[in-house]
Amino acid sequence: MHFKTLSIHTGHDPKAHLGAVMPPIFQTSTFAFDDVGVPGQYDYSRSGNPTRKALEDTLAALEGGVRGFAFATGMAAEATALMLFKTGDRLIVQSDLYGGTYRLLETVFRDKGISADYVDLRDLAALERAFETPAAGVWIESPTNPLMNLVDLERVAAIAKAHGAVTICDNTFLSPYFQRPLELGVDIALHSTTKYINGHSDVVGGGMVAREEAWAERIGFLQNAMGTCAGPQDCYLVLRGIKTLAVRMEEHNRNALGIARWLERHAGVSQVLHPGLESHPQHALARKQMKGFGGTFSFRVGGGAAAVDALLRRVKVFTLAESLGGVESLIDHPATMTHASIPPDVRAGMGIGDDLIRLSVGLEHLDDLIADLDQALSA
Ligand SMILES: *Cc1c(COP(=O)(O)O)cnc(C)c1O
């Protein structure tokens, strides 16, 4: 079946629930045993809950994996994924990645003996060199945040496999509607469902989907042992969000590309970083491995700090806020907001200067969004 159909019908059979077309929220911590020593299908909600199961089955279907898992947050999913490794393991990690992942690796897992070496995974020769020292895993993010660099998932997964390393891809930015890492050979797809998958800025959640049963079994064990799972109310909300994922992603994509093309012609803008533009250095790769470009991208404002300040203060339809992937449009200044914890010199070296703006383009009318940016940029 097609993605749109799967996103609406997977994980729930009305006949099993008094005809209810939406999955019930099983707000219960525990389940009665069938008999002495005989648990039913469920026994305790940390180990399994029917509402969570509906979401987990849906995530697995949409990513094309054997099993899905729902977590309390994207970071809970990441923490669980990193527990797949053991003391002494070394990871090769995309150098330009979500700040929270960097913080988790450096301030939590390094102490426990799981180390990360950061490599620009656009450079496959650099990846091969990194494997001269054995590595247990490769952590990928594509497109990267906020610079919109792409990683060739198929080739990176193949190199990692040749070296016996597991690949994990944070697929938050595109959702499985636009990118399916498991089909390209990646072992585990990971999400902050807080973003596009839920899409309504009213839940924090995480997800993981494994391509093969061996990894799924291990993730399921850790989810239960560590207790990082999502609660039933949040699972219900994420499931509801997923029902419109396909139509939302189409519209996010259309609006974002429309704004990117308009910004590219604007005299007050020095550069637009959007993989759907012919000017993006990896536009061909975007067309090859993505079905769309998503709703989040960045651009650089000319005219110095005053112009950036005016833009951020004058926008009315865009809200100055962190996060992304919701129905409402957000504007972010990475240098002072999402990426402020990176030391200024490191940040500048990465290309996250004070002139960089990130947009999460929502589902408002494109003309209103462009008019809003126009008045704010012409201050
Ligand atoms: C937001 C985000 C996360 C973390 O997810 P939370 O739900 O906030 O814990 C991880 N990766 C990416 C790419 C994100 O955007």
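Position 1 is the first residue of the sequence; numbering continues from there. Order of listing sets the numbers, starting from 1, for every ligand and every atom in it. Everything quoted here is computed from the prediction, not taken from an experiment.
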* Decide yes or no on side-chain contact (heavy atoms from CB on, under 4.5 Å) for His274 and Leu277, but give the supporting numbers first. => CA-CA 6 Å; His274 186 298; Leu277 296 176; 3.9 Å; yes
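- Taking the side chain as every heavy atom from C-beta outward, Thr319 and Ile331 never approach each other to under 4.5 Å.
- By the 6.0 Å and 45° rule, Lys195 stacks over the aromatic ring of Tyr98.
- A salt bridge links Arg261 with Glu278: the distance from a Lys NZ or Arg NE/NH1/NH2 to an Asp or Glu carboxylate oxygen falls below 4.0 Å.
- Remark: Arg67 engages Glu213 in a salt bridge, criterion side-chain N to carboxylate O under 4.0 Å.
- The nearest protein atom to atom 1 (C) of ligand 1, hydrogens excluded, is given as Lys195 NZ, 1.4 Å; this is a heavy-atom distance.
- The ligand atoms of ligand 1 that sit less than 4.0 angstrom from a heavy atom of Glu78 are 10 (C), 11 (N).
- Protein heavy atom at the shortest distance from atom 9 (O) of ligand 1 is Met75 N, 2.9 Å.
- Taking a cut-off of under 4.0 Å to the non-hydrogen atoms of Ser192, the atoms of ligand 1 that pass are 1 (C), 2 (C), 3 (C), 4 (C), 5 (O), 6 (P), 7 (O).
- Salt bridge status for Arg211 with Asp187: present, with a side-chain N to carboxylate O gap under 4.0 Å.
- No side-chain heavy atom of Met249 sits less than 4.5 Å from a side-chain heavy atom of Arg254.
- Among protein heavy atoms, atom 4 (C) of ligand 1 sits closest to Tyr98 CE2, 3.5 Å.
- Looking from atom 12 (C) of ligand 1 to the surrounding protein, the closest heavy atom is Asp170 OD2, 3.4 Å.
- Distances between N or O atoms of Leu324 and those of ligand 1 include no value under 3.5 Å.
- Ligand 1 places these atoms under 4.0 Å from at least one heavy atom of Gly205: 7 (O).
- In terms of protein heavy atoms, atom 7 (O) of ligand 1 is closest to Thr194 OG1, 2.6 Å.
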